[in-house]
Amino acid sequence: MQSRTRAWALSLTGAILVALGFVLVRLTLEARSSLILADARMDAGEVSEAIAHYLDAARASYPGNPYARQAFDRLWQLATPSQAAPLATSPGEETEVVRQALEAFRAAVLSTRSVYVSRGAHLGEANARLAEIYARREGRNARPDARAFEQRRQWHLHRLAVIPGPKLLWVVTALLGLAMWLGAVAAFITKALTPNMRIKRGPALGAGLAFVCGFGLFLLGLIQ
């Protein structure tokens, strides 16, 4: 029994490592492909399309992914007025390039956050600059009023500073479901199978019920 449990633990560990490696390879290839497409669009002068592909590359981020890091850096560069100005084809278009780059940078940061928010300092600056852009755009046809502008800027800044996140109840539900799901698999292997690989009806039914309930709770927590 002890050797069988050890073999099961080693098999599960190996499967997890293989799955993790597959995910990392896929993210790396996706980031590389999107980065190549983005650079090609930039060379063709299609800035908006390039920003969209940089966003796709940055979203494939994980610690150590060089292609996602390059995508983040290039979005931040495009968000610099001095870098955006040469790309403008009409007066004022550089502001639109900066806005798109800042929004893409912010979306990439928020979509790749985990227990911490990467590039937090840049995110705060991006929020501040977007708030100013939005406030100026809203007051374009209004009479110049510094107080009204500041009120608009502060309103946008407050909204941008709110980081959306999952509700605690559904996070706990998903984790509970995952624990039940994996526990049911372990119980089936260790309790429902005899040394000669025969199935014990009672423990097998219990493990199967726990598996279904756990998987259901896991999916419920994810879709909420």
Quiz item: Any chain of hydrophobic side-chain contacts (each under 4.5 Å) joining Ile51 to Met42?
Solution: yes

Quiz item: Do the side chains of Leu123 and Ile133 join up, straight or via other hydrophobic residues, at under 4.5 Å, putting them in one cluster?
Solution: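 Same hydrophobic cluster.
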
Side chains of [X] and [Y]: closer than 4.5 Å at any heavy-atom pair?
| X | Y | result |
| --- | --- | --- |
| Phe188 | Pro203 | no |
| Arg99 | Tyr134 | yes |
| Met180 | Cys213 | yes |
| Arg41 | His53 | yes |

Quiz item: What do the steps show when you test Arg147 against Glu150 for salt bridge (charged side-chain N to carboxylate O under 4.0 Å, His left out), and what is the final call?
Solution: CA-CA 5 Å; Arg147 183 176 179 182; Glu150 182 61 21; over 6 Å; no

Quiz prompt | Pairs meeting criterion salt bridge (charged side-chain N to carboxylate O under 4.0 Å, His left out) with involvement of residues 210-221, two or more places apart | solution =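 Non-adjacent pairs meeting salt bridge (charged side-chain N to carboxylate O under 4.0 Å, His left out): zero.
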
Exercise. With sequence neighbours excluded, give me every side-chain hydrogen bond (donor to acceptor under 3.5 Å, both in side chains) pair touching residues 15-29.
Key: Arg26-Glu30, Thr28-Tyr62

Residues in salt bridge (Lys or Arg N to Asp or Glu O under 4.0 Å) contact with [X], at least two apart in sequence or another chain:
| X | answer |
| --- | --- |
| Glu49 | none |
| Arg159 | none |
| Arg59 | none |
| Asp39 | Arg74 |

Self-check item: The single option from Leu130, Leu110, Leu78, Leu75 passing side chain to side chain contact (heavy atoms under 4.5 Å, CB included) against Phe105
Solution: Leu75

For [Y], is there any backbone N or O sitting under 3.5 Å from a side-chain donor or acceptor partner on [X]?
| X | Y | result |
| --- | --- | --- |
| Arg152 | Ala135 | yes |
| Asn65 | Ala60 | yes |
| Ser34 | Ala31 | no |

Atom [atom1] of [X] and atom [atom2] of [Y]: how far apart are they, to the nearest 0.5 Å?
| X | Y | atom1 | atom2 | value |
| --- | --- | --- | --- | --- |
| Phe215 | Leu182 | CZ | CG | 11.5 Å |
| Ser111 | Leu55 | OG | CG | 6.5 Å |
| Leu175 | Leu217 | CG | CG | 11.5 Å |
| Ser48 | Gln100 | OG | CD | 3.5 Å |
| Leu102 | Leu160 | CG | CG | 10.0 Å |

Quiz item: Salt bridge check: are Arg106 and Glu103 linked by an N-O gap of less than 4.0 Å?
Solution: no

How close do [X] and [Y] get, counting heavy atoms only, and between which atoms?
| X | Y | result |
| --- | --- | --- |
| Phe72 | Ala58 | CE1-O, 3.7 Å |
| His122 | Trp76 | O-CH2, 3.5 Å |
| Ala57 | Leu35 | CB-N, 3.9 Å |

Quiz item: Is it the case that Glu132 and His156 place a side-chain donor and acceptor less than 3.5 Å from each other?
Solution: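 Per modelled atom types, Glu132 and His156 side chains form no pair under 3.5 Å.
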
Quiz item: Around Arg32, counting heavy atoms of other residues, nucleotides and ligands shown, do more than 12 lie under 6.0 Å from its CZ?
Solution: no

